[in-house]
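Notes to accompany the following structure.
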Amino acid sequence: MSTENCIIVNQCLAAPKRAQYGGGMIGFNQRTTGSTLSSELGVSNDGLHNTTLSLKTVKLEKGNLYTFSAWVQISNGSESETVAVAFKASNGELVHGGETMAKQGCWSLLKGGIVAEFTGVVEILLMVVVSVYLSKAMEIRVDNVSLQPFTAKEWRSHQDKSIDKVIRINRVVFIAVVYLSLVNLIQVRKKEVSFKVTYANGTAADGALILILQTKSGFPFGCGMNHYIVTDEAYRQWFASRFKVTSFTNEMKWYSTEKTRGVENYTVADAMVNFAEQNGISIRGHNVFWDNRVMQPKWVKDLPPAELMKAATRRLNSVVSRYAGRLIGWDVMNENLHFRFFEDKLGENASSMFYSMAYHLDPSTTLFMNEYNTIENSKDHTATACKYKEELEKILSFPGNAGLKAAIGLEGHFRDPKPNIAFMRSALDILGTMGLPIWLTEVDVGGGPDQAHNLEDILREGYSHPAVEGIIIFGGPIAAGFKCMTLANYDFEPTPVGEVVDKLINEWKSGRRQVRTDSRGMSEILLFHGDYRVKVSHPLINSSMSINFKVTKETENITVLLQFDA
């Protein structure tokens with residue numbers, strides 16, 4: 001896939017970069033005044049507008065994925081306005097493909113995409129929401145537009161290659177499906193490991209047999225867990241045999257631990273933490289606060305501001321201190337783009353303040369901002385990648401938050417009959433420019449005949465993206481009450497969705513491998529990141545040895561040196 005437009009997504013430039021893929025199906029790729037499409041938006045009585053600009057009509061092929069990009073600029077409006085791309089079918093249906101914040105005096109990159117669910121003609125539209133009163137016509141300028149098609153086979157091939165791809169990383173740059181960067185060479189999910197085996201006298205051991213066993217995956221691929229884990233032994237065995245990372249679905253939330261004001265009960269949460277620790281399962285804390293009024297404990301909803309601040313401070317101090325050093329992360333404020341309970345009560349900096357408090361209580365734990373519909377629903381303009389980025393930057397710039405270990409939490413509750421994987425990739429690319437770890441935190445897929453297939457597409461897209469550093473699915477056995485996305489039946493046998501999960505768990509690890517050394521005593525192999533145990537033997541001598549080692553993306557050249565005693 002293309003290596004063009006090597007700039008940072010969301011950076012506003014003096015001149016637009018050339019079109020990706022030479023414009024693809026559109027061919028709108030010359031960076032000249034003559035190629036710039038512009039339109040004046042008239043002024044209505046109230047000065048507010050929702051308007052569209054038609055770019056081109058193209059024919060889509062069912063099943064293909066299309067990546068879209070364009071450079072946009074405005075004048076005469078406010079400093080910035082939302083510009084979105086949409087695809088209009090002949091029946092009038094609109095499929096939203098992505099959006100950006102267009103600015104005055106510079107060019108912004110609009111990225112998005114669509115998965116075609118039919119073969120037919122669509123009109124590509126730019127949709128502009130003007131949020132200020134206009135005293136004169138606003139102009140929107142569009143340049144270097146691209147629409148590039150990929151078959152499902154081509155898209156999957158790129159995902160597979162990305163897993164093995166060598167990337168230079170320090171300051172990572174994401175454009176469409178291109179991942180460019182500076183300094184240290186890494187591989188997204190794998191690394192080449194060299195073994196050198198010698199005899200006791202230092203000569204090369206030709207023909208030595210090296211048995212390699214991966215004991216732990218380096219990529220956190222986990223599953224949500226609920227209170228049934230405390231008492232259901234079959235559920236415990238099912239979970240511990242598969243997953244090494246989890247989030248509790250409800251048991252750490254405020255409405256679970258303090259149902260009555262001043263009466264805290266961590267009995268269930270503590271038991272779940274103990275189970276996880278006994279089985280080597282890492283825990284993402286979910287959550288300290290939820291910004292949705294409906295999701296507050298009943299006694300919290302109508303507290304006056306001063307009382308709310310006192311109660312919230314006590315809650316944060318209690319739960320963060322209780323589990324300090326035992327969790328790998330916290331969702332400090334859940335869904336604060338869609339909701340604003342605490343902001344309405346305590347002021348615009350409420351979220352930022354709580355992140356600061358959590359950071360100073362437990363500075364070594366990663367703090368997530370957790371939100372939905374950023375990758376899964378292109379029609380929801382409340383929590384777009386651009387708005388997510390803006391809100392998280394606001395939190396990080398709050399006084400006292402310098403040094404805070406932040407991460408991006410994207411829930412991933414997919415409900416459309418066909419997930420828009422091209423849109424998902426564009427959103428991950430945009431958020432990847434922040435240089436922070438991205439986790440898919442609550443992935444589930446709506447029911448239907450394609451549920452298993454859709455889940456596989458989503459998980460593969462997340463796993464193959466180099467900015468994604470963890471995935472947690474929200475599903476489980478029907479015996480534990482998981483009805484939306486059931487992974488196992490009452491006998492704990494895998495459902496079709498569970499079979500996909502089991503398949504990917506096995507596919508994304510090296511398992512058991514064996515290699516033999518050459519005449520130099522050397523052997524090379526590509527291994528997934530993770531923990532390994534290696535046993536080396538030789539048919540000509542009665543001697544063997546075993547060692548443990550790690551493969552990580554941070555490690556540069558890995559050479560494992562082994563020497564027989566005899």
Side-chain angles (χ1 to χ4, degrees), residues 160-161 163-167 184-223 236-246 275-282 328 463-464 469-471 494 499 501-566:
D160 293 341
K161 290 177 181 177
I163 293 170
D164 296 338
K165 185 183 293 184
V166 176
I167 299 178
N184 306 325
L185 277 172
I186 69 163
Q187 288 176 291
V188 176
R189 305 293 176 219
K190 295 181 180 180
K191 186 173 289 292
E192 187 173 271
V193 178
S194 299
F195 294 93
K196 182 174 179 61
V197 184
T198 62
Y199 296 114
N201 62 7
T203 59
D206 186 3
L209 178 64
I210 304 172
L211 301 178
I212 306 163
L213 173 64
Q214 185 173 9
T215 57
K216 184 178 180 181
S217 174
F219 182 86
F221 180 40
C223 187
R236 293 159 72 93
Q237 292 180 9
W238 176 88
F239 196 102
S241 67
R242 287 170 170 78
F243 304 110
K244 292 303 177 184
V245 64
T246 190
F275 165 78
E277 291 178 337
Q278 291 163 7
N279 289 275
I281 300 168
S282 301
I328 60 171
Y463 184 76
S464 66
E469 296 192 11
I471 299 174
E499 288 176 348
V501 172
D502 288 347
K503 177 179 72 172
L504 294 180
I505 289 173
N506 290 319
E507 182 179 322
W508 294 339
K509 65 182 180 182
S510 300
R512 296 178 181 272
R513 307 286 296 277
Q514 68 177 47
V515 293
R516 287 193 181 273
T517 56
D518 59 19
S519 60
R520 303 167 300 150
M522 298 291 296
S523 185
E524 293 82 29
I525 188 171
L526 198 62
L527 297 175
F528 281 98
H529 300 157
D531 295 356
Y532 288 86
R533 183 165 182 77
V534 171
K535 182 178 180 180
V536 185
S537 60
H538 198 285
L540 300 182
I541 61 174
N542 186 25
S543 179
S544 65
M545 72 189 86
S546 298
I547 64 165
N548 299 319
F549 69 96
K550 288 179 178 288
V551 178
T552 69
K553 69 177 183 180
E554 291 81 13
T555 311
E556 294 190 9
N557 299 320
I558 299 179
T559 301
V560 180
L561 304 176
L562 302 147
Q563 187 174 65
F564 290 110
D565 293 333

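This one's a predicted model, so the numbers in the text were calculated from it and none came from an experiment.
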### Message
How close do F564 and I541 get, counting heavy atoms only, and between which atoms?
### Response
CG-CD1, 3.6 Å
### Contacts of type salt bridge (Lys or Arg N to Asp or Glu O under 4.0 Å), residue D518, not counting sequence neighbours
R520
### For D206, all residues meeting side-chain contact (heavy atoms from CB on, under 4.5 Å), sequence neighbours excluded
S519
### Task
List in chain and number order the residues that pass salt bridge (Lys or Arg N to Asp or Glu O under 4.0 Å) with E277, two or more places apart in sequence or in another chain; answer none if no residue qualifies.
R326
### Task
Heavy atoms only: give me the nearest K244-G280 pair and the separation to one decimal.
CD-O, 3.6 Å
### Query
What residues form a salt bridge (Lys or Arg N to Asp or Glu O under 4.0 Å) with K503, not counting sequence neighbours?
E456
### Message
I558: which residues meet the side-chain contact (heavy atoms from CB on, under 4.5 Å) condition with it, sequence neighbours left out?
### Response
K191, V193, V551, T555, V560
### Query
Quick one: does T198's side chain have a donor or acceptor within less than 3.5 Å of a partner on A204's backbone?
no
### Residues forming a side chain to side chain donor-acceptor pair (under 3.5 Å) with S510, sequence neighbours excluded
Y532
#### Entry: side chain to side chain donor-acceptor pair (under 3.5 Å) involving N201 - partner list, sequence neighbours excluded
T203
### Task
Would you indicate whether the side-chain heavy atoms of E192 and L526 approach each other to under 4.5 Å?
yes
### Task
Check whether more than 12 heavy atoms from other residues, nucleotides or ligands sit under 6.0 Å from atom NZ of K535, and answer yes or no.
no
### Query
What residues form a side-chain contact (heavy atoms from CB on, under 4.5 Å) with A240, not counting sequence neighbours?
F275, N279
### Query
Any sub-3.5 Å donor-acceptor pair from R533's side-chain atoms to T215's backbone N or O?
no
### Summary
For P220 and E469 the tightest heavy-atom approach is CD-O, 3.1 Å
### Query
Are any of the side-chain heavy atoms of I163 and V188 separated by less than 4.5 Å?
no
### Task
List the atom of H538, the atom of Y199, and the distance in Å for their closest heavy-atom pair.
NE2-OH, 3.2 Å
### Query
For F243, which residues count as a ring pair (Phe, Tyr, Trp, His ring centres under 6.0 Å) partner, sequence neighbours excluded?
W238, F239
#### Entry: Distance (rounded to the nearest 0.5 Å) between L211 CG and S544 OG
9.5 Å
### Query
Is there a side-chain contact between M522 and S194 (heavy atoms, below 4.5 Å)?
yes
### Message
When you compare the side chain of L213 with that of R512, does any pair of heavy atoms fall below 4.5 Å?
### Response
yes
### Query
What is the minimum heavy-atom distance between I281 and V245, and which atoms define it?
CG2-N, 3.7 Å
### Minimal non-hydrogen separation, H529 against Q214, with atom names
O-NE2, 3.2 Å
### Query
Side-chain contact, heavy-atom cut-off 4.5 Å: L527 with F549?
yes
### Task
Output all residues satisfying side chain to side chain donor-acceptor pair (under 3.5 Å) with K550, sequence neighbours left out; order by chain, then residue number.
D531
### Summary
One should read off an interatomic distance between I525 CD1 and Q514 CD, to the nearest 0.5 angstrom, of 9.5 Å
#### Entry: R236 side, atom CZ; Q278 side, atom CD - distance, nearest 0.5 Å
7.0 Å
### Side chain T517, main chain A205, donor-acceptor under 3.5 Å
yes
### Task
Return the orientation label for the W508 and F219 ring planes: parallel under 30°, perpendicular over 60°, tilted otherwise.
perpendicular
### Query
Looking at residues at least two apart in the chain, or sitting in another chain, which of them share a side chain to side chain donor-acceptor pair (under 3.5 Å) with Q237?
E233
### Message
Going by salt bridge (Lys or Arg N to Asp or Glu O under 4.0 Å), name the residues that satisfy it together with R513, two or more places apart in sequence or in a different chain.
### Response
none
